[in-house]
Amino acid sequence: MLNLTSVMIGTKQPTALAVFYEKVLGKPADMVDRDNGFWGWQVGSAFLSVLEHSAMGGNAKEPGRVMFNFETTQVKEEFERIKAIGGVVIKEPYEMGGAWIATLADPDGNYFQLLSPMGQ
């Protein structure tokens, strides 16, 4: 069985993404290597990292192809908070099958979602 342990976002603007995700996650990065353009956060049982990558320029060309999800019981409140700190609204909070979902984008245009826990 496989276990997803981390998600890495490659970018040419790692400092901007690091500042954004520090605000989204409400804490500074757990690991930082500025010399190599790396910031990383432990988020639940997975690790989210931002890494400078010279081949990644501009906004994501197909930002919905891969999305990561942040689980929260407060989708609407977190949506408003993240929107206020610069998250780009892709889809306002909506209900589907008893769960709440909202989609936003980071400064590179990568999509991420806020999801209420399954069965709540």
Side-chain angles (χ1 to χ4, degrees):
M1 169 171 234
L2 298 175
N3 181 31
L4 180 65
T5 60
S6 65
V7 174
M8 183 188 76
I9 304 170
T11 182
K12 281 191 176 178
Q13 57 172 356
T15 303
L17 285 184
V19 168
F20 177 76
Y21 283 108
E22 282 182 351
K23 291 177 184 175
V24 168
L25 299 170
K27 67 177 189 171
D30 298 305
M31 292 178 61
V32 177
D33 181 348
R34 284 184 174 80
D35 293 337
N36 290 303
F38 175 86
W39 286 259
W41 299 262
Q42 187 68 46
V43 185
S45 61
F47 199 76
L48 175 65
S49 61
V50 170
L51 177 67
E52 185 168 14
H53 194 298
S54 62
M56 300 295 132
N59 281 353
K61 292 182 181 32
E62 293 182 344
R65 183 174 293 257
V66 175
M67 286 189 272
F68 53 95
N69 302 317
F70 292 114
E71 185 178 79
T72 177
T73 58
Q74 299 177 322
V75 170
K76 294 175 189 174
E77 295 85 351
E78 286 295 314
F79 172 82
E80 292 299 329
R81 183 183 69 80
I82 295 170
K83 182 171 76 169
I85 62 171
V88 177
V89 175
I90 303 303
K91 185 146 177 95
E92 299 269 342
Y94 63 97
E95 189 175 8
M96 184 167 74
W100 282 94
I101 304 170
T103 308
L104 298 112
D106 69 19
D108 269 4
N110 302 301
Y111 289 2
F112 62 93
Q113 292 184 306
L114 304 173
L115 299 173
S116 57
M118 298 295 275
Q120 289 190 357

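All of these numbers come straight from a predicted model, not from anything done at the bench.
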**Report entry** Partners meeting side-chain hydrogen bond (donor to acceptor under 3.5 Å, both in side chains) with Asn3 (sequence neighbours left out)
**Finding:** none
Requested in this report: Would you mind telling me which of Asp30, Val43, Val24 makes a side chain to side chain contact (heavy atoms under 4.5 Å, CB included) with Leu48?
Outcome: Val43
Requested in this report: Please assess Glu80 against Glu77 for the test side-chain contact (heavy atoms from CB on, under 4.5 Å), listing each intermediate value before the final yes or no.
Outcome: CA-CA 5 Å; Glu80 292 299 329; Glu77 295 85 351; 6.0 Å; no
Query raised in the report: Which pairs pass ring pair (Phe, Tyr, Trp, His ring centres under 6.0 Å) with one or both residues in residues 10-46, sequence neighbours excluded?
Result: none
Report summary line: Closest non-hydrogen atoms of Thr73 and Pro117, given as atom of the first, atom of the second and distance, are CG2-CG, 3.9 Å
Query raised in the report: Is there a path of hydrophobic side-chain contacts, each under 4.5 Å between heavy atoms of I, L, V, M, F, W or Y residues, that connects Phe68 with Ile90?
Result: no
Query raised in the report: Any chain of hydrophobic side-chain contacts (each under 4.5 Å) joining Ile85 to Val75?
Result: yes
Requested in this report: Would you name the heavy atoms of Pro107 and Leu17 that are closest together and state the gap between them?
Outcome: CD-CD2, 3.4 Å
Query raised in the report: Do Asp106 side-chain atoms and Asp108 backbone N/O form a donor-acceptor pair below 3.5 Å?
Result: yes
Query raised in the report: Distance from His53 atom NE2 to Met8 atom CE, nearest 0.5 Å?
Result: 6.0 Å
Requested in this report: Could you tell me which residues satisfy salt bridge (Lys or Arg N to Asp or Glu O under 4.0 Å) with Glu95, sequence neighbours excluded, listed by chain and number?
Outcome: none
Report task. Identify the residue among Glu71, Met67, Lys91 that makes a side chain to side chain contact (heavy atoms under 4.5 Å, CB included) with Gln113. Result -> Met67
Query raised in the report: Among the clusters formed by ILVMFWY side chains lying less than 4.5 Å apart, do Leu114 and Val89 turn up in the same one?
Result: yes
Query raised in the report: Closest approach of Leu104 and Lys83, non-hydrogen atoms and distance?
Result: CD2-N, 4.2 Å
Requested in this report: Give the cluster check for Ile82 versus Leu115: same hydrophobic cluster or not, with ILVMFWY residues linked at side-chain heavy-atom distances below 4.5 Å.
Outcome: no
Requested in this report: Determine the minimum heavy-atom distance between Lys27 and Gln42, stating which atoms define it.
Outcome: NZ-O, 3.0 Å
Query raised in the report: Can you tell if the side chain of Phe70 reaches within under 4.5 Å of the side chain of Glu78, non-hydrogen atoms only?
Result: no
Query raised in the report: Is there a path of hydrophobic side-chain contacts, each under 4.5 Å between heavy atoms of I, L, V, M, F, W or Y residues, that connects Val50 with Val7?
Result: yes
**Report entry** Taking every non-hydrogen atom, the tightest pair across Arg34 and Val32
**Finding:** NH1-CG1, 3.4 Å
Query raised in the report: For the atom pair CD (Glu62) and OH (Tyr111), what is the distance rounded to the nearest 0.5 Å?
Result: 10.5 Å
Report task. Work out which heavy atom in Lys12 is nearest to a heavy atom in Glu52; give both atom names and the distance. Result -> O-OE2, 4.5 Å
